[in-house]
Structures are given as C-alpha cells and as structure tokens.
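Written out below as structure tokens is the structure these notes cover.
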Amino acid sequence: MTKHADHMPLFPDEETIALEVMGPKRARDWPAKARYLEDKHGLPAIDPLMGGRFWPAVEAFFRVRYGVKPAGALDGGEGVAPSSSKTGGIRIVPYKADGKEQYDGPEASTAHSRRFRGRGHR
C-alpha cells in the first residue's frame with residue numbers, strides 16, 4: 001500500500017517511490033523511467049549511504065519539471081519559477097555527465113591532419 005506523501009520517509013526505497021509517483025498499476029514502469037530521468041534530466045540519484053532517493057528533492061524535481069511552485073512559496077522566495085513568457089524565467093535542470101571526454105578520438109585526428117597553408121596555397 002502506498003504511503004501518503006506527508007508521511008514519506010526522507011529516503012524511501014524505489015518500490016515506495018514507484019507507488020507514490022506512478023501508482024500501483026504502473027509502478028513496474030518506474031525503474032526504466034527513473035534511470036532515464038536520472039541520466040538525462042537530473043532526477044536525484046539514490047544516495048548510496050541512505051539507500052534511497054531524498055524524497056523532498058524528488059518532489060521538487062517533479063514540481064520544477066512541470067512548472068509548479070511548492071505550496072506557500074513566494075515570488076522570489078523558495079522554489080523555482082516556472083519557465084514561461086509571463087515570468088521570463090529560465091528553467092535550469094542539472095544533468096549527469098555521460099562519460100569522460102576524449103580529446104584524441106577519431107574527430108580529433110581528422111582536425112589534426114588538416115594544415116593551414118596560408119594564402120595562395122591550395
């Protein structure tokens with residue numbers, strides 16, 4: 001049975017988050033969606049020490065994603081303004097790096113093989 005969001009632990013397990021976010025009928029879809037959202041859109045990662053995602057950050061992630069300020073947030077106060085033409089706000093979403101940079105890959109070797117010959121040389 002899903003817990004009400006007001007009674008969620010700070011670091012719920014993935015099953016509890018799946019039920020809260022997706023509901024009981026679609027909770028099985030959470031693992032794939034969570035990996036995608038974490039890798040590409042900044043969903044808070046599972047804290048290795050605590051063994052779960054920090055629930056207030058997960059809630060904040062979805063509120064920002066869908067342009068909803070936290071209840072009681074004042075303009076210019078806590079929370080992030082939704083991205084819209086009214087507010088002129090910019091939505092900033094952190095991302096997870098997709099790997100180590102490779103400066104000597106195939107693209108780099110093509111650039112190094114080109115020479116600048118100066119004027120008149122073709």
Side-chain angles (χ1 to χ4, degrees):
M1 188 81 177
T2 183
K3 296 182 179 187
H4 188 273
D6 293 340
H7 296 78
M8 287 287 279
L10 285 178
F11 292 92
D13 60 29
E14 287 296 274
E15 182 180 334
T16 303
I17 292 175
L19 290 170
E20 191 66 34
V21 172
M22 305 291 291
K25 291 182 180 179
R26 295 182 300 125
R28 69 182 176 276
D29 298 337
W30 174 250
K33 291 183 187 304
R35 274 191 305 276
Y36 171 77
L37 290 170
E38 185 178 325
D39 291 344
K40 303 293 183 185
H41 297 282
L43 176 71
I46 296 172
D47 183 285
L49 177 64
M50 302 305 288
R53 297 178 197 273
F54 185 56
W55 179 248
V58 171
E59 272 190 313
F61 167 82
F62 282 110
R63 288 184 181 279
V64 169
R65 182 172 172 84
Y66 293 100
V68 180
K69 287 185 180 180
L74 302 173
D75 290 337
E78 70 175 292
V80 177
S83 177
S84 72
S85 58
K86 274 186 173 179
T87 62
I90 298 173
R91 183 172 158 218
I92 300 173
V93 179
Y95 66 93
K96 185 175 180 179
D98 59 357
K100 187 175 179 182
E101 296 295 333
Q102 295 182 352
Y103 297 107
D104 58 349
E107 295 84 12
S109 62
T110 304
H112 287 290
S113 66
R114 296 181 194 146
R115 291 188 195 172
F116 177 73
R117 298 184 185 262
R119 289 185 170 198
H121 293 91
R122 290 189 181 205

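Every heavy atom of this structure was used, including side-chain atoms; hydrogens, water molecules and symmetry mates were not.
Linking ILVMFWY residues whenever their side-chain heavy atoms come closer than 4.5 Å, directly or via other members, leaves L49 and I46 in distinct clusters. In the hydrophobic cluster analysis, where Ile, Leu, Val, Met, Phe, Trp and Tyr join through side-chain heavy atoms closer than 4.5 angstrom, L37 is grouped together with V58. In this structure, Y36 is a member of the same hydrophobic cluster as M22, with clusters built from ILVMFWY side-chain heavy atoms closer than 4.5 Å.
For the residue pair R53 and P12, the shortest heavy atom distance occurs at O-CD, 3.3 Å. Minimum interatomic distance between F61 and P44 (heavy atoms only, all atoms of both residues): CB-CD, 3.9 Å. Across all their heavy atoms, L43 and A34 have their closest contact at CD2-O, 3.7 Å.
E15 is linked by a salt bridge (charged side-chain N to carboxylate O under 4.0 Å, His left out) to nothing, counting only residues two or more places apart in sequence or in another chain. For P56, the side chain to side chain contact (heavy atoms under 4.5 Å, CB included) partners two or more places apart in sequence, or in a different chain, are L10, F54.
For the atom pair CE of M8 and CD of E20, the computed distance is 5.0 Å after rounding to the nearest 0.5 Å. To the nearest 0.5 angstrom, R28 atom CZ is 10.5 Å from K25 atom NZ.
Heavy atoms of other residues, nucleotides or ligands lying less than 6.0 angstrom from CZ of F62 number more than 12.
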